[in-house]
Amino acid sequence: MNILILVNTTDPEANSTTREAISVANKIDNQYSIALISKSEETLSHLQELNDICPNKIIATNPLLNTQSLDLWVESFKQVIKETNPKIILMVADVLTREISARLAAQLNIPLIQESSEIKIENNSLKFIRPIFGGIASATIQSDGISPLIVTLQKGAFGSSNIQKYPNPTTRYIQLELKTEMEKVKYEKLSPTSPSRLPMEKASSIVCGGRGLGGPEGFDLLSQLANILDNGTIGASRAACDAGWIDHSYQIGLTGRTVSPKLYFAIGISGASQHMSGCTKSQTIVAINTDPSALIFNEADIGLIGDWEKIIPILIEKIKTTK
Amino acid sequence: MPLNIIVCIKQLIDPETPIENLTIDTHSKDIDTIDHKELITNGFDLNAVEAALYLKDKYGAKVTIISLGTMESQNSLKRPLAMGADEAILINKPNTPIDSATTALLLSKTISLHIPFDLILCGRQASDWDNAEIPFRIAENLNISCISLVSKIEINESKLIATRALPNGLQKAKTNLPGLITITNEFGEPRYPSLRGIMSANKKNIKQITPTFLGINESDITTKTETIRINFQTRKKNCEFIQNENNEYAAQALTEKLKNLNLI
Ligand SMILES: Cc1cc2nc3c(=O)[nH]c(=O)nc-3n(C[C@H](O)[C@H](O)[C@H](O)COP(=O)(O)OP(=O)(O)OC[C@H]3O[C@@H](n4cnc5c(N)ncnc54)[C@H](O)[C@@H]3O)c2cc1C
Ligand SMILES: Nc1ncnc2c1ncn2[C@@H]1O[C@H](COP(=O)(O)O)[C@@H](O)[C@H]1O
């Protein structure tokens, strides 16, 4: 058993993100396992879609497993790794797994490659490609082939076309050994910023505002535009969030959200690579900026050189009458 | 008892450097600037310095800055001192390429061998390789608790109460000291050094530590992964510009374009 996929079972999208990891594993070696950890097997019923698309399944449980606790996640995965001795450990990158992977790498004294976006097989050895410097460059990395290796996979980078059916998957049960003292940090429940908002990742159109808005008021106008677009919502650059004009949960980019709507408006945004890493997968990017040399015009599909404050109100009227 | 706080800071290339001023260093397999411009302190690490000084103002603390870097990094260690940190230590970076495990080992050894501590603060990630790996390795090496992505901290009877800024909202987390936390930009802007701060920083010595002193010989350093190449990403698209003679016309043209593409 060479590859072990560790699943974030609390991710509401776990079925689709795990398909991506499975698709990667199928490409490398078709003898792999996925590991699901939880309090009990019953709490994993939402992951049934994964039942017959991987050859081996590991279910590791303990009633003490509080999935809020990163300490217990790390300990549980460590036990699964020790039981199964994989050569490559794959996880889909998100806030939770980025931390777990680093802590596992430290505890097991093995290397880690974060946010790999492409994997190649060259001269019989695996090469992992990952973005660096906010996405302006990429590094190709190989491991020594001896030490086990942890790799986190950039969400959405691999697709899930390479899925096979395994009609008779094996299931192995592992009883995790957990003690309450292992939980060094106590986490409270997350308090969502604005639960009623349309999740950005599901929006078809996003109107994103940056420092060029000059203040919080601009976002009112952007919301008006978003409201008349197909399944639309607003977003922001880090500069606009840091200025306190809008909550940080609206931030799109490397350290914010990653989105891929049909239509993405970048308004008063210069196009820094760290912002673009969160939105380059949009189908059509429209940029409105007063500066003709702004970087955003290198990445936009449609550009309009001008002042948003003058253009957006007219644009709203025009779109309303066209609809 | 004042707290003993350590802040780990990394010196790196300004992440806002335009791509045309960057080059690939084929020897170290990393990015460099073409004019070898001075390095700056990682932005999130200055947020971490601010967090340490916030705690110092509130509860009383001795703040020690540690950086693993080259001699050039000395200059940038002055800034946190000028902001109000008490001491700075520079660990001389070995000449051979080192990986995250070795970096974390050198930092952990310096911390555990030389400084008593209650709390270690790091930036959420270094904006060169965006790994977010070193802090977790340090916490695990020292076997202390860690909380990531912190935007607010309080200390109450040697318990640390932190607020994490996560993509979907805020989350409170509590732990006993000693511990390590990583600070995110939501914590707030780092303060500017005062004139008095700058003057007293100039008088402070920066202590230097070598890997050998920590019991690590350069010739023993190995890496388990190797970067084989670096490439710049060219993402230039062909942007179709909408003529903007006047705003009325431009808005109309944009609307038609979007309609034709079936986007509205
Ligand atoms: C490690 C790291 C992580 C980061 N993560 C993120 C991230 O997740 N998301 C993110 O967004 N950034 C991130 N950044 C910051 C990023 O590098 C940029 O600083 C930021 O994106 C700039 O925001 P901006 O484009 O709104 O502001 P600016 O760069 O200041 O651009 C403002 C633009 O508005 C234009 N403008 C001004 N007035 C008008 C007007 N009236 N009409 C039209 N246009 C106008 C200007 O010409 C300019 O191009 C990160 C940085 C680092 C180092
Ligand atoms: N060479 C270094 N010296 C001191 N601190 C470092 C160094 N490298 C990383 N760190 C700390 O670890 C954090 C995350 O870095 P990284 O894991 O490289 O993304 C940084 O924000 C620093 O606080």
Side-chain angles (χ1 to χ4, degrees), chain A residues 95 98-99 102-103 105-107 109-114 127 132-144 147 184-188 190-193 229-230 242 248-249 254 256-257 262-263 272 274 280 284 297-306 310-311 314-315 318-319 322-323, chain B residues 15-16 19 22 31 99-101 104 124 127-133 136-137 140-141 145-149 165-175 185-186 224-233 235-237 239-242 244 247-248 250-252 254-255 257-259 261 263-264:
Chain A
V95 173
R98 290 277 312 250
E99 172 165 345
R103 291 176 59 181
Q107 288 203 11
N109 192 23
I110 59 176
L112 164 67
I113 298 173
Q114 289 283 24
K127 312 278 186 252
I132 58 170
F133 277 75
I136 60 165
S138 69
T140 305
I141 303 166
Q142 70 183 12
S143 87
D144 62 7
S147 169
K184 288 189 270 191
V185 179
K186 299 273 181 212
Y187 294 88
E188 284 178 18
L190 185 95
S191 47
T193 333
L229 296 174
D230 177 24
D242 277 355
H248 269 105
S249 56
L254 182 72
R257 291 164 180 273
K262 274 195 314 190
L263 177 59
Q274 294 90 354
T280 35
T284 302
F297 292 122
N298 288 347
E299 307 210 37
D301 302 279
I302 302 173
L304 211 173
I305 299 162
K310 306 217 174 74
I311 295 164
I314 313 175
L315 185 65
K318 298 280 181 201
I319 293 178
T322 320
K323 273 196 145 182
Chain B
E16 309 221 347
I19 189 165
L22 295 172
I31 302 256
D99 59 13
S100 301
R124 63 173 283 175
S127 56
D128 45 11
W129 279 57
D130 298 305
N131 276 331
E133 180 176 348
F136 302 118
R137 286 194 182 261
E140 295 294 344
N141 288 346
S145 51
C146 72
I147 305 177
S148 64
L149 303 170
L166 299 176
N168 305 323
L170 300 174
Q171 183 184 40
K172 277 226 163 95
K174 274 193 200 135
T175 189
N185 54 296
E186 285 91 333
K224 290 177 181 155
T225 53
E226 182 197 0
T227 301
I228 47 180
R229 51 180 178 267
I230 304 271
N231 297 101
F232 284 116
Q233 300 285 85
R235 284 198 297 227
K236 199 167 161 45
K237 280 193 196 168
C239 181
E240 182 182 339
F241 282 93
I242 305 267
N244 188 4
N247 296 317
E248 182 73 31
Q252 178 65 38
L254 179 56
T255 308
K257 179 92 212 156
L258 294 176
K259 181 90 196 159
L261 290 169
L263 292 168
I264 52 173

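Just so it is clear: chains get the letters A, B, ... in the order the sequence lines come, proteins before strands, and each one is counted from 1.
In this structure, Leu261(B) CG and Leu263(A) CG are separated by 9.0 Å, a value rounded to the nearest 0.5 Å. Distance check, rounded to the nearest 0.5 Å: CG of Leu166(B) to CG of Leu190(A) gives 6.0 Å. In this structure, the separation between NZ on Lys318(A) and CD on Glu248(B) is 3.5 Å, given to the nearest 0.5 Å. With values rounded to the nearest 0.5 angstrom, Leu315(A) atom CG is found 10.0 Å from Gln252(B) atom CD. Put simply, CG on Leu254(B) and CD1 on Ile264(B) are 8.0 Å apart, with the number rounded to the nearest 0.5 Å.
When Glu186(B), Lys257(B), Lys259(B) are compared by the number of non-hydrogen pairs under 4.5 Å with chain A, Glu186(B) comes out ahead. Comparing Ile31(B), Ile147(B), Leu258(B) by heavy-atom pairs within less than 4.5 Å of chain A, the highest count is held by Ile31(B). Interface check for chain B: of the options Asn109(A), Ile113(A), Asp230(A), the most heavy-atom pairs under 4.5 Å are formed by Asn109(A). Ranked by heavy-atom pairs shorter than 4.5 Å toward chain B, the options Thr140(A), Ile136(A), Thr280(A), Val95(A) are led by Thr140(A). No other option in Glu299(A), Lys127(A), Gln114(A) has as many heavy-atom pairs under 4.5 Å with chain B as Glu299(A). Options Arg98(A), Gln107(A), His248(A) differ in how many heavy-atom pairs under 4.5 Å they form with chain B, and the most are formed by His248(A). Comparing Leu254(A), Asp301(A), Ile311(A) by heavy-atom pairs within less than 4.5 Å of chain B, the highest count is held by Asp301(A). The candidate from Lys186(A), Lys262(A), Gln274(A) with the greatest count of non-hydrogen atom pairs under 4.5 Å with chain B is Lys186(A). When each of Arg229(B), Glu240(B), Glu133(B) is checked for heavy-atom pairs under 4.5 Å with chain A, Arg229(B) comes out on top. The candidate with the highest count of non-hydrogen atom pairs below 4.5 Å against chain A, out of Thr175(B), Asn244(B), Thr255(B), is Thr255(B). Between chain A and the options Cys146(B), Ala104(B), Ser100(B), heavy-atom pairs under 4.5 Å are most frequent for Cys146(B). Between chain A and the residues Leu149(B), Asn231(B), Leu263(B), the largest count of heavy-atom pairs under 4.5 Å involves Asn231(B).
Of the two parts of Thr322(A), the backbone and the side chain both hold a non-hydrogen atom closer than 4.5 Å to a non-hydrogen atom of chain B. Contact annotation for Thr227(B): both backbone and side-chain heavy atoms come within less than 4.5 Å of a heavy atom of chain A. Heavy atoms of Leu170(B) lying under 4.5 Å from chain A belong to its backbone as well as its side chain. In this structure, no portion of Ala272(A) lies under 4.5 Å from any heavy atom of chain B. Both the backbone and the side chain of Lys224(B) have a heavy atom closer than 4.5 Å to some heavy atom of chain A. With a 4.5 Å cut-off on non-hydrogen atoms, Ala165(B) does not touch chain A at all. Heavy-atom distances place both the backbone and the side chain of Asp130(B) under 4.5 Å from chain A.
Across Pro111(A) and Ser147(A), no two heavy atoms sit closer than the pair CD-OG, 3.2 Å. Here the closest non-hydrogen pair linking Leu112(A) and Ala102(A) is CD2-CA, 3.6 Å.
Residues passing the ring-ring contact (aromatic ring centres under 6.0 Å, His included) test with Tyr187(A): none are found, sequence neighbours excluded.
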side-chain contact (heavy atoms from CB on, under 4.5 Å) between Phe297(A) and Ile305(A), worked out: CA-CA 9 Å; Phe297(A) 292 122; Ile305(A) 299 162; 4.0 Å; yes
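Between Leu304(A) and Phe241(B) the shortest side-chain heavy-atom distance does not fall below 4.5 Å. Here the side chains of Ile319(A) and Leu229(A) are in contact, with some heavy-atom distance below 4.5 Å. The side-chain heavy atoms of Ile228(B) and Glu226(B), taken from C-beta on, include a pair separated by under 4.5 Å.
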